[in-house]
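As the structure is a computational prediction, the values presented were derived from the model and not from experiment. One-based numbering, in listed order, for ligands and for the atoms of each.
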Amino acid sequence: MPQNRTILHVDLDAFFASIEQRDHPHLRGLPVIIGGKPDQRGVVSTCSYEARRFGVRSAMPLTEAYRRCPHGVFLPGDMAKYRAASRQVFAIFHRFTPAVEPISIDEAFLDLTGCTGLFGDPETIARKIKELIVKEVGITASAGIAHNKFLAKIASDLQKPDGLVWIKPEQVEEVLHPLPIERLWGVGPKTAAKLNNLGIRTIGDLARFDQQLLARALGAVTAQQLHQLANGIDQRPVLTQDEIKSMGHEHTFAEDTADLDQVLAVLLRLSEKVGRRLRREKLQGRTVALKLRYHDFTTLTRHASLREATSLDQDIYQASRKLLLKVYNGQPIRLIGVSVQNLSRGAIRQLSFLDDATHAKQKKMAQAMDQIKNRYGENSITYASGIDLISNRPDNEP
Ligand code: TTP
Ligand code: MG
C-alpha cells in the first residue's frame, strides 16, 4: 500500500430529507422528518437540518420527534427514489476512479492516489464531485480529504452540510485531538464510559494516555487500535465492491473424517470466524456457500440464498449445515469451507426486517463474543459444540 495515499470521503447531506425537499420545493427551509406519521410507533430515519435545530435526530422515536418539533412535516419516505438517487451519485464517483468503497446508501470512500494527475489536485476533484451531485442529482454532499480513511471521514463531518475539509498531516493533532472519544471508530457507549473512568474524554487525552494502562482496561488489541486511531494512524485500504464480494474460511482435517459430528463442529467454528470478520468489516451477505473436498480430492460447492442479508454466525451455520446434510455421501472428508457472498455494507437499521426478538438476541450474543475475542484472543470462546480441532495439514489448499 502506498505510504502517501489520498482518500476522499463523501457523505450526502440529510439524504432522504434532501430528496423530498428537492422534489417538493414548498418543503425547502422547513423541518422535514422522514420515518412516518408522528403518532406511529416507528423511529426517525433522518430529518432536514431545519429539524435538527429542534433536537430531532435519526433513530429517535417519532413520538419524541413530534414533542420536540410539532410543526415538522412528517413523511413516510420512498426507498425506491432514494436508491435511484444513490445510484446516480455512485455513478458520478466512478467517473473519477474505480477505487470506490461504498459504506452505505449515501456514503463512500474514494482512493484518489494516482488519479490526481488526470483530474487535478484532490481539492479540485472533491469540488467537481460536489458540483456534479448538485447539478445532476439536485442535492448537496459533504466531502473530506486526508491521507487515510479515518481522517477523511472525520473531515467530511467537520463542516456539514455542503462542507469540504482537507486534513493535512501537519494538522492532524490540531483537528483530531479536541474531538470527543465517541468519534473514534469502535468507541460505543460502553467503551466511552470505561475511558471516561480513566479520565479520558477527548481523542487527545487518549493519544497521550499510557498504552499499558489502556491495555489493562480495554484489552491489548482494542487498546492498540484505539491508540493508533487517536494518533491519526489508519492503514485500512479502500475496498471496492468487487473486492468485498466474498468472505470465507476453510479447514483441512488432520485426518480425513466421516464423523459428521466432528465435521459439523468444524463448520460451526468456521461460520463463527466468517461472521466475525463480516461484522468487523460491517458487511453482510445474502448467499452462503459450502465447499466440500472428499478424501479422493473430488470437490464440490453448493450455494444457498438467504431471505435477508446476514452477518450472524448462527445464520451462516444453519445454511451451510443444511447444504452439507443435503449433499454428504458418507465418504471421508478432507476439507470443508464456508463463505458468505453477495456482500453489502451497512444496512439501514430500521428498514431491516431482521430485528425480531430472536435476531436481536443473536446479534447481542455475537457482539458479546466479539468483545471477548477482542480482549482475550480468537480461541477464548465458542458456541457449545464447536470443539477445537488442531490440524497439522495445510489449511489453504487450492
Ligand atoms: P446519514 O448519512 O447518517 O444521515 P443523513 O444523510 O440523513 O444526514 P447527514 O447530513 O448527517 O449525513 O444516513 C444516510 C441516510 O440513511 C439517511 O438520510 C436516512 C438513512 N438512515 C436511516 O434510515 N436510519 C438511521 O438511523 C440513519 C443514521 C440513517
Ligand atoms: Mg449523509
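- No heavy atom of Pro161 sits closer than 4.0 Å to any atom of ligand 1.
- Counted within 6.0 Å of CD on Gln212, heavy atoms from surrounding residues, nucleotides or ligands total 12 or fewer; the atom is thus considered open.
- Below 4.0 Å from some heavy atom of Tyr49 lie the following atoms of ligand 1, by number and element: 9 (P), 10 (O), 11 (O).
- Here atom 19 (C) of ligand 1 lies nearest to Phe16 when heavy atoms of Phe16, Phe15, Tyr82 are compared.
- Cation-pi geometry between Arg52 and Tyr49 is met: the NZ or CZ atom falls under 6.0 Å from the ring centre, inside 45° of the normal.
- For a distance bound of 2.8 Å, the N, O or S atoms of Asp13 include none lying that close to the Mg ion (ligand 2).
- If you put the vertex on the Mg ion (ligand 2), O of Leu12 and OD2 of Asp106 sit 90° apart, to the nearest 10°.
- When the shell of 6.0 Å around CD of Glu136 is examined, it contains more than 12 heavy atoms from other residues, nucleotides or ligands.
- Atom CZ of Arg41 is surrounded by 12 or fewer heavy atoms from other residues, nucleotides or ligands within 6.0 Å.
- Annotation: side chain of Leu267 is in contact with side chain of Val338 (closest heavy-atom distance under 4.5 Å).
- Note: no N/O pair closer than 3.5 Å links Val44 and ligand 1 by distance alone.
- Heavy atoms of Lys160 come nearer than 4.0 angstrom to ligand 1 in at least one pair.
- Shown in contact with Leu12 at under 4.0 Å from a heavy atom are these atoms of ligand 1, numbered in order with element: 6 (O), 9 (P), 10 (O), 12 (O).
- Because the distance cut-off is set at 2.8 Å, Asp11 qualifies as a neighbour of the Mg ion (ligand 2) through one of its N, O or S atoms.
- Val175 and Ile233 sit in two unconnected hydrophobic clusters of ILVMFWY residues. Membership requires side-chain heavy atoms under 4.5 Å apart, directly or through other members.
- When atom types are taken as modelled, the side chain of Asp234 and the backbone of Phe150 share a donor-acceptor pair closer than 3.5 angstrom.
- Put simply, part of Arg52 is less than 4.0 Å from ligand 1, judged by heavy atoms.
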